[in-house]
Amino acid sequence: MRCLSLARCFCLAFLFLPTGLSADQVKLETALANPTMKAGEEGKQLNYLKIGLRGFELAKQESKKRAPVNVAIVIDKSGSMSGDKIKGAKHAALEAIRRLDENDIVSIVAYDSDVSVLLPATKASDQAAIRKAIEQIEAGGSTALFAGVSKGAAEVRKFKGDQRVNRVILLSDGLANVGPSTPDSLAELGSSLLEEGITVSTLGLGLGYNEDLMTRLAAASSGNHVFIEDIESIAAVFQNEFDDVLSVVAKDFRIKVRLQDGIRPVRLLSSTGDIEGQSVELRLGQLYSRQQRFYLLEVEVPSKEHGTEMPLGTVEVIYNNLITETRDELSSKVAVRFDKSTEKVTSLENIDVLTQCAIMTCNDRNRLATELRDKGDVGEAKKLLIDNAMQLKELRGRIQGREGYGAVAPQLEYGIENNEKQSQDVSGSDWNRSRKSMREVQNMTEQQQSYGGRGKVEIFKDKK
Amino acid sequence: MRRLTIALMILIFTGPLLVVGLGWLWMTRQQQAARDSLTAVFASQLREHNRPVETLLQDYEVRMSQALDAKFGSSAQNANDLQTSVDPVIGSFFQINAQGRVVTPTSGEAWLAALLIEQPWLVAPQQESNSVIASNDVQQFANAASQQAQVAVPFRSLPFRTPRSQWTSLFVGPGVQLFYWRQLSDGEIQGVQLRRGRWMSDVIAVLPDSSPVPTDTSKNVISFSRQIRVIDAASEEVYRWGDDNADDWVQLAETFMPPPLSSWRLLMLAPKHATSPLTNGSSRWAILIASASLALALAGLGVYVYRETTRQTRLANQRVSFVGQVSHEFRTPLTNIRLYAELMERAVLDEDTSRKANVIRSEAERLGRLITNVLELSRSGGQRRIQPTTEVPDQVIEHVLESFSPAFAAQQLVVEHQADADRPALLDRDLLEQVLVNLFSNVEKYALSGKYLRVESRQAGDTLTVRVHDHGPGISGKLRTRIFEPFVRGSDAIDAPAGMGIGLAIARSLARAHGGDLRLEAVGQGTCFILQVDAPVSLDEVGIKDHAGDNQ
């Protein structure tokens with residue numbers, strides 16, 4: 001299977017793409033925060049392994065522009081959605097679907113206390129049927145969110161393909177109050193859908209939805225989560241979501257890190273994966289055009305003699321390339337050097353990885369701040385967020401002007417700005433609103449999402 | 001009149017009430033039957049909805065078995081684990097070796113703990129083994145469970161030679177968790193824990209949704225809105241579909257979901273207002289209308305009967321009062337006739353004239369008695385007031401007998417009076433006389449042929465008993481029971497003696513008014529009446545004297 005697809009890939013490249021294989025190939029970058037570690041230290045030292053993936057750019061002039069999509073739009077039509085919300089949502093969905101063509105599949109599901117599959121999975125070219133389905137949505141009733149997502153996923157499943165972008169877009173403004181409603185059960189559903197290659201993006205509308213449930217569902221299935229505070233921006237959010245959907249270049253990533261004996265995996269920074277023994281397994285739903293996606297693994301490394309190089313481990317990636325329509329594999333070896341000079345160790349540190357480690361560590365602590373605030377401990381939460389901003393600023397001061405700083409500066413600034421703002425918000429009067437915003441940013445950071453409720457945030461994208 | 005009204009009311013109301021009651025009973029029976037049959041229909045429809053879930057669970061079984069092969073099978077070891085995909089419904093695998101040692105997972109999970117508590121024999125070693133070493137928290141737990149298992153269910157120590165597999169469902173944490181596991185012939189147990197969030201989603205996905213479907217009228221026999229709900233083990237609603245247009249729902253049917261999900265149920269509901277066709281409003285109206293019209297008819301009939309009866313009663317009363325007044329008017333001339341007949345008798349003209357005057361007097365006396373009876377009858381209904389005076393009963397009897405003696409003597413009737421009531425007692429003399437006159441008049445009219453009359457009187461305590469026994473033709477058996485009813489006579493033949501048939505009725509009612517009774521006694525020959533009245537023996541000697549003096 002592996003040989004076959006590689007061969008096919010090669011053939012394709014040879015016959016049709018003389019410019020080279022690498023243009024339509026996801027890049028795997030592995031790097032350490034400290035590629036050189038202090039030699040001869042007592043005990044073990046911590047280091048951070050970055051597993052970075054870069055999505056290639058969709059070549060616009062080619063006849064085959066993008067991968068076909070298979071999308072289910074699941075709209076909450078509970079009573080709270082009535083009025084402008086449902087109107088805005090219908091309009092936004094209709095406008096967004098216009099961008100699809102006859103290769104794409106779309107289905108429309110609306111739910112309140114029960115679920116109606118208004119448009120079973122259909123070719124997106126059947127605009128009349130889509131319009132009819134969307135227009136019949138009327139608000140009223142409770143919120144059977146779990147069932148809505150289940151039915152949406154079932155519609156997507158009908159035409160699910162390895163070479164298709166399979167996505168459920170859930171728009172809700174309310175708490176799930178019929179059927180399973182715990183964040184855990186939704187997260188469980190999300191991760192099982194990811195296993196099948198289905199991603200769920202959750203768009204939270206207004207101030208009434210359960211942000212924990214919505215972010216966890218999105219995160220578990222590698223989807224986007226957006227907090228739409230302003231009804232006016234529903235249309236823009238739908239467009240941004242479709243920008244993402246239509247720019248998927250690769251999907252169904254399975255990443256395996258195998259560490260050498262003696263190297264202990266400690267934890268993943270601000271993301272989830274299975275750590276078992278010496279190996280760590282990660283799953284990623286998809287990679288968008290020009291997206292930088294990275295995971296950071298904290299490892300414990302025993303110190304060695306000065307001048308030695310020690311293999312740390314290997315990273316293997318397997319994914320479906322939607323442009324070449326192959327199942328591709330990538331792999332990389334990671335090694336670490338040891339030097340007795342502290343100056344040399346410091347001067348060789350990877351600014352890029354260091355910054356991202358700081359951002360992700362702060363993201364974990366940001367979550368902790370939300371929990372503290374939930375318990376009513378406003379002071380501690382505030383302190384933690386201020387401390388986050390301080391640490392990021394301190395890092396900024398330390399690395400400013402060094403080579404490669406320019407590339408990570410936007411990410412760093414974004415982190416500082418958010419933590420500072422949130423440190424104000426936790427003691428503010430509108431905690432409900434602030435909490436939703438906080439959850440959104442946490443998820444955006446973890447997922448390295450390209451946009452949020454207030455527009456595009458392209459800090460995790462390669463420049464054109 | 002009041003009794004009549006009450007009787008009529010009962011008649012009018014019992015009918016319709018009976019109709020309503022029976023109708024109601026019939027209707028509820030019908031409804032129950034209809035409901036039962038509908039429930040059966042609905043239950044079978046519900047079971048139809050269980051089919052896709054059944055298929056899903058069967059599919060799971062196949063998939064889980066494949067997943068277990070892939071995970072634990074011999075070919076599984078060499079495969080590139082990035083290439084093999086895991087079934088999305090699988091949460092975790094677990095593996096317990098023949099020694100009862102948990103191999104997978106290596107960390108303690110709540111679901112595993114629950115599973116081992118529920119089925120401790122899973123970790124009971126199949127072979128005796130001392131090599132079980134507690135290496136982690138799961139194992140400690142498993143050891144504790146296995147010890148318990150050896151005491152309670154030494155199930156696993158039985159030799160198993162054939163692999164078996166089964167589902168287990170347990171209530172853990174948020175709800176029911178599903179486990180599928182199998183036991184190999186060497187005793188090893190391999191299983192999976194299914195992702196609850198996922199299988200719930202799959203169950204929902206295979207069930208229908210509420211999207212409006214084009215209605216097929218030919219297929220839909222019962223077409224009213226319905227809703228079906230999926231209820232979990234904790235009685236929480238998981239999912240619903242169907243109509244959603246009511247606030248009040250009535251349960252039509254219920255069924256359990258197929259195992260291993262049998263702790264979940266499907267409910268079929270209908271809006272409360274929509275189930276009224278089921279209870280058949282029209283038959284309820286029919287019963288109400290039927291009973292109302294019956295009530296109306298009976299009421300009309302009742303009013304007619306009431307008016308007719310009151311009219312007749314009024315007429316009868318008028319007649320009686322007319323007779324009473326006329327009779328009263330007869331008295332004065334009759335008294336004069338008697339008086340002048342007596343004067344004529346005393347004047348002693350000649351034998352023949354004297355005899356004729358005697359006849360006039362006795363006939364006038366007879367007419368007088370008749371009038372007294374008629375008057376007595378006309379005022380019946382109103383109770384006669386008793387005016388007791390102190391009298392010697394035998395004297396009263398003698399007095400009455402004396403007045404009859406000319407008539408009796410003329411027919412050679414032998415009169416025997418066995419007098420044994422000579423103590424003065426309190427009684428209404430006029431009343432007693434009238435009763436006796438009526439009895440003796442009957443003898444005079446009907447029993448002269450017997451030629452014999454025996455009158456016995458006696459006092460026992462406060463009761464005076466007079467027995468009047470003649471040797472006449474007697475009263476036939478048929479008549480004996482009715483003889484005391486007014487206007488009943490022994491014979492209505494033309495040659496029968498004159499009379500109105502009221503004598504005995506009056507006599508009895510007078511006797512009863514006096515605290516006693518008048519009965520007919522069965523005797524061998526003739527007729528025998530027993531008169532009993534309440535006559536307390538008086539000790540007032542002065543009274544006796546006074547009255548005695550008056551009477552004589």
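Heavy atoms only: backbone and side chains are in, while hydrogens, waters and symmetry mates are out. Reminder, nothing fancy here: chain letters follow the sequence lines and each chain counts from 1.
Comparing B:P174, B:G91, B:P208 by heavy-atom pairs within less than 4.5 Å of chain A, the highest count is held by B:P208. Your options are B:R195, B:R240, B:R196, and the one with the most heavy-atom pairs under 4.5 Å with chain A is B:R195. In terms of heavy-atom pairs under 4.5 Å with chain B, the best-connected choice from A:S181, A:A144, A:S185, A:P180 is A:P180. Across A:A154, A:A153, A:S191, the residue that shares the most heavy-atom pairs under 4.5 angstrom with chain B is A:S191.
For B:V230, no part lies near chain A; criterion is any non-hydrogen pair under 4.5 Å. Of the two parts of A:E155, neither the backbone nor the side chain holds a non-hydrogen atom closer than 4.5 Å to a non-hydrogen atom of chain B. The contact between A:S113 and chain B is made by backbone and side chain atoms together, counting heavy-atom distances below 4.5 Å. If you measure heavy-atom distances from A:D112 to chain B, the contacts under 4.5 Å come from the side chain alone. Neither the backbone nor the side chain of B:D232 comes within contact range of chain A, judged by heavy atoms closer than 4.5 Å. Proximity to chain B is absent for every atom of A:L186, based on heavy atoms less than 4.5 angstrom apart.
A salt bridge between B:R229 and B:E236 is absent, with no side-chain N of the basic residue lying under 4.0 Å from a carboxylate O of the acidic one. With respect to the salt-bridge test (charged N to carboxylate O, under 4.0 angstrom), the residues B:D59 and B:R63 qualify. A salt bridge links B:R265 with B:E254; the closest basic N to acidic carboxylate O contact falls under 4.0 Å. The residues A:E281 and A:K256 are annotated as salt-bridged, a charged nitrogen and a carboxylate oxygen being separated by less than 4.0 angstrom.
In this model, a donor atom of one side chain and an acceptor atom of the other lie less than 3.5 Å apart for B:Q190 and B:E188.
Taking the centre of each ring, B:W167 and B:W199 stay at or above the 6.0 Å mark. If you look at B:Y239 and A:F146, their ring centroids are not closer than 6.0 Å.
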